[in-house]
Amino acid sequence: MDLGLANSAPRTDAPTSATATGARPSSPKPPGGPATAIRRKAASDLKEKAANVRSTSTRASGAGGSSATMLKLYTDESPGLKVDPFVVMVLSVGFIISVVGLHVLAKITKRFSG
């Protein structure tokens with residue numbers, strides 16, 4: 001059973017510019033480098049995007065948002081300003097007192113000016 005392989009000549013490719021000039025062909029890129037960093041960044045962005053997909057149903061996401069988002073607010077990995085709850089309470093009460101004081105001050109100045 002002859003498949004015609006015995007008489008066929010070996011396949012030759014056209015010489016590339018590196019082999020035609022006698023120069024050594026370029027070696028493969030070393031591992032790492034900017035291309036690898038870009039691929040890793042793209043892969044992590046894709047993974048992060050898949051993790052941040054929000055549910056469209058209100059039942060799945062809960063009344064105030066997804067539980068993963070709510071829990072992220074109370075972890076050390078959450079981005080943004082870290083403020084103690086006591087500081088927030090003091091600033092809130094101080095703001096309320098200042099608004100009430102300005103209202104009282106406006107009433108007093110209106111009574112004495114008129």
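Numbering of residues begins at 1 and proceeds along the displayed sequence.
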Undergrad: Could you work out the complete set of other residues in the hydrophobic cluster of M89, with links drawn between I, L, V, M, F, W and Y side chains under 4.5 Å apart?
TA: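 Its cluster partners, ordered by chain and number, are V93, I97.
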Undergrad: Could you give the side-chain donor-acceptor pairs of residues 104-114 under 3.5 Å, partners two or more places apart or in another chain?
TA:
from : atom 1 : to   : atom 2 : distance (Å)
T109 : OG1    : L105 : O      : 3.0
T109 : OG1    : A106 : O      : 3.0
S113 : OG     : T109 : O      : 2.9
S113 : OG     : K110 : O      : 3.3

Undergrad: Through direct or indirect side-chain contacts below 4.5 angstrom among Ile, Leu, Val, Met, Phe, Trp and Tyr, which residues connect to I38?
TA: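 I38 clusters with nothing; isolated.
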Undergrad: If a pair satisfies side-chain hydrogen bond (donor to acceptor under 3.5 Å, both in side chains) and one of its residues is in residues 38-50, list it, with sequence neighbours excluded.
TA: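 Residue pairs with at least one partner in residues 38-50: T36-R39, K41-D45.
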Undergrad: Taking the side chain as C-beta and beyond, is there a heavy-atom pair between L91 and F95 under 4.5 Å?
TA: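 No; the side chains remain at least 4.5 Å from each other.
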